[in-house]
Each structure stands twice: as structure tokens, then as C-alpha cells.
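Heavy atoms only: backbone and side chains are in, while hydrogens, waters and symmetry mates are out. Along the sequence shown, residues are numbered consecutively beginning with 1.
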Amino acid sequence: MPMLTSSLSRLSLTLGLATIVTSLVGCSNPANNQQTNNAEGKEHKSVAITAIVEHPSLDAIREGVIDELAEQGYKAEENLTVNFQSAQGNMSTVGQISKQFVADSPDAIVPISTPSAQSVVASSKSIPIIYTAVSDPVAAKLVDANNKPTQANVTGLSSQLPLEPQLDLIQQIKPNAKVVGYVYSPGEANSVALKERLEQLLPVRGLELLDIPANRPTDIGMATRSLQGKADVIYTSMDNNVASAFEAMTLAANELDIPIIASDEFSVQRGATAALGVNDYDFGRSTGKMVAQVLNGTPVSEIKPAIMNDLTLFISPKHAEQQGVTLPANITKNAINTDDK
């Protein structure tokens, strides 16, 4: 028994020292302290995110939202549950996702794209909703003409890009253009609203609009080819059907020697000649700041809907050549060349 007692004493002393050493090591690691503070300082929250479809532009926005929440102290799989659902371009699925999110009752819902935002807002009048990647929230009936949300539980970030600079870019790249081709989804309010704005502004510049509806992503290639011999340039902006099948549009445009002018960086990376628009990831980070305010306890009714329209010019001389144009020096010197990425 004395030998057993002595052994137990030595074991107890060893475990005690190990506990002290472990504690000291933990205290000496600032990263560990920061992680602990984040977990203790922020109550666990849940955020539901949905998008009409997955494509690089919307994916970058979602990534930006999640990264910003992490920087604000809400880290996925630590003190934040993120439930992302894509409707894969199916409007019936959009409605199903909205109903499921409302039943789950998360702390906030982030619909990315106009169709997703409209569906989620129609499904709940109580859960905080922060929409994003909506180009015309007035046409989508998310806010009124005075930028006041149509429901008290709604706010968000829109990209109401000024159209005049876009048209300037078109005429700089294709000075002799007479007809602008516009392939769009008639089921997306933002795309219909843009068509109406183009109908108003193009004639003032001596330009004509040739709009081609395409109801599904599988229709994009054929719709683009229907512009053969009729359009001098193609303009596209934030249409989710087009974005889902953008390679089909660029393939047709390359065959027809018609340059594509878009409004986001990823479209240029995927085949467009040029784009004047916002940075999608930064757009997501800005949206994430609004979501963090809600998670921190700020009533959504106190967060004013915002507009992000800081424009960056993206170009691809390689794609321009494939589509039959040469970019002028005054454009290339002020742009980000995606061919270098």
C-alpha cells in the first residue's frame, strides 16, 4: 500500500504540472485567445442564404458575405450556422426554399438576386431580410421610389449601375454601332426594367435596341445567334439566365464577330470584351456588414437600403480580338486587364 500511495502521488503531481503547462501555453497564444473571445463574445446565430442560381458573380457575393461576417466575429461552424440553398434557376424551387427558410426561422435571410429576393420577401414579414445583387429594387417592389422598404423587415444593397457610362463604353468600343442586341430573361424584373431603360436612352444616342427574350439558360446560345446580321454589339447586365449560360453567349458572339459589353468582372473573364461594373466580392463584403448589424441586434428597420455603384473597368484584349474589335488606347490604359489574371 505505501508503494501504491506513492505512485498515485507522483501521478497526481504529474497531471497537475501538465495542467499548468497547458494553461500557460494557451495563454501565450494570441490566436487562441482571439478565437476564445470571439466564441464567448458573440452569441450563436444562424443565417440563411439563397440564390436563384450558382454562377461566379453570385458565388463571389456569397463568399464576400461569409468572409465579412467572420471578420465581424461570426464564424461559420463556430458561432454561426450558414444554410445556403440554390434554386438552380427553377422558379418553383425558389418558392420552396423561401418557405423552408421561413419555417427554419433563422436570425437573418440573405437572398442573392432579384427573383430570390422577391420570393423571400413575399414569404415573411418578420424575419430580417437583407437582399443583395438586386439591380433595380424599385422595379422589384422591394423599396418605393423614395428608397423606403415595402416591408419593415427588409433592407439590402443594390447595384443600380448608372447606364450612361455603360453606353459611353459601348460607343467608344464600337463607334459606328447602330443596333445594340440585348438577350434577356423576361421573367426577371431587373432584366425587364433594364430593357425599358435602354429603350428610353438608346434613341437619344442614335442607337436602336434589338431585344431577344430567352426564358431558359438553354435558350441563350440560340437567342444570341439570332442577332446575326442585325446587331453591332451585345449588352448584358446581371441577367441570371445569361450568366448561367454565358459561355454559350460568348461562343455565338465569337462566331458572329459581335463584341459583348457586360457589367461585371467575371463576364469578362468568361468571354466578354469589356465590362464596367462593381466588384462582386466587395459587394458581398458590404452586404455582410449590413447582416452583421442585424446579428448584433440593430433592428432591420433602422438599416437604410444602400446602393453600391463604384464602377471599375475590366477588359480582355484577347476576347475583343475574338469578337472582331480592337480596344482603343484610352480604354486600355484606365482598365484592369483580366487577361493578366
Closest approach of [X] and [Y], non-hydrogen atoms and distance?
X      : Y      : result
Leu58  : Ala133 : CD2-CB, 4.1 Å
Ser316 : Asn337 : CA-OD1, 4.4 Å
Gly95  : Ser119 : CA-OG, 3.6 Å
Ser191 : Tyr182 : O-OH, 2.8 Å
Leu69  : Gly288 : CD2-O, 3.7 Å
Ser124 : Ile129 : O-CD1, 4.0 Å

Can you confirm whether the side chains of [X] and [Y] place a donor and an acceptor under 3.5 Å from each other?
X      : Y      : answer
Asn83  : Gln85  : yes
Ser113 : Ser116 : yes
Ser46  : Thr81  : no
Asn296 : Tyr74  : yes
Ser185 : Asp239 : no
Tyr281 : Glu63  : no
Thr273 : Gln323 : yes
Gln88  : Asn90  : no

Could you check whether any side-chain N or O of [X] sits under 3.5 Å from a backbone N or O of [Y], counting only pairs where one atom can act as donor and the other as acceptor?
X      : Y      : answer
Asn241 : Tyr184 : no
Asn334 : Ile331 : no
Ser286 : Asp282 : yes
Thr150 : Leu142 : yes
Ser105 : Val102 : no

Only pairs at least two apart or in different chains count here, so list each salt bridge (Lys or Arg N to Asp or Glu O under 4.0 Å) that has a residue in [range].
range            : result
residues 156-166 : Glu164-Arg205
residues 257-268 : Glu265-Lys341
residues 103-127 : none

Spacing of [X] atom [atom1] and [Y] atom [atom2] [to the nearest 0.5 Å]:
X      : Y      : atom1 : atom2 : answer
Leu163 : Gln200 : CG    : CD    : 10.0 Å
Ser123 : Ile109 : OG    : CD1   : 8.0 Å
Arg62  : Ile49  : CZ    : CD1   : 7.0 Å
Leu276 : Leu313 : CG    : CG    : 6.0 Å

My understanding is that only residues two or more places apart in sequence, or in another chain, count here; which of them pass side chain to side chain donor-acceptor pair (under 3.5 Å) with [X]?
X      : answer
Thr155 : none
Glu196 : none
Ser57  : Asp280
Asn240 : His55, Glu188

Between [X] and [Y], is any pair of side-chain heavy atoms under 4.5 Å apart?
X      : Y      : result
Leu202 : Glu208 : no
Val143 : Val154 : no
Leu207 : Leu198 : no
Ile66  : Val82  : yes
Lys45  : Val294 : no
Asn279 : Phe283 : no

Salt bridge (Lys or Arg N to Asp or Glu O under 4.0 Å) partners of [X], counting only residues at least two apart:
X      : answer
Asp211 : none
Lys178 : none
Glu68  : Arg285, Lys289

Quiz item: Are Val134 and Val192 linked, directly or through other ILVMFWY residues, by side chains that come within less than 4.5 angstrom of each other?
Solution: no
Quiz item: Can you list the other members of the hydrophobic cluster that holds Val183, where links are side-chain heavy atoms under 4.5 angstrom apart?
Solution: Val179, Leu210, Ile212, Ile220, Leu227, Ile234, Val242, Phe246, Met249, Leu256, Ile258, Ile260
Exercise. Give the other cluster members for Ile336, using side-chain heavy-atom distances under 4.5 Å between Ile, Leu, Val, Met, Phe, Trp and Tyr residues; answer none if it is isolated.
Key: Val268, Phe314
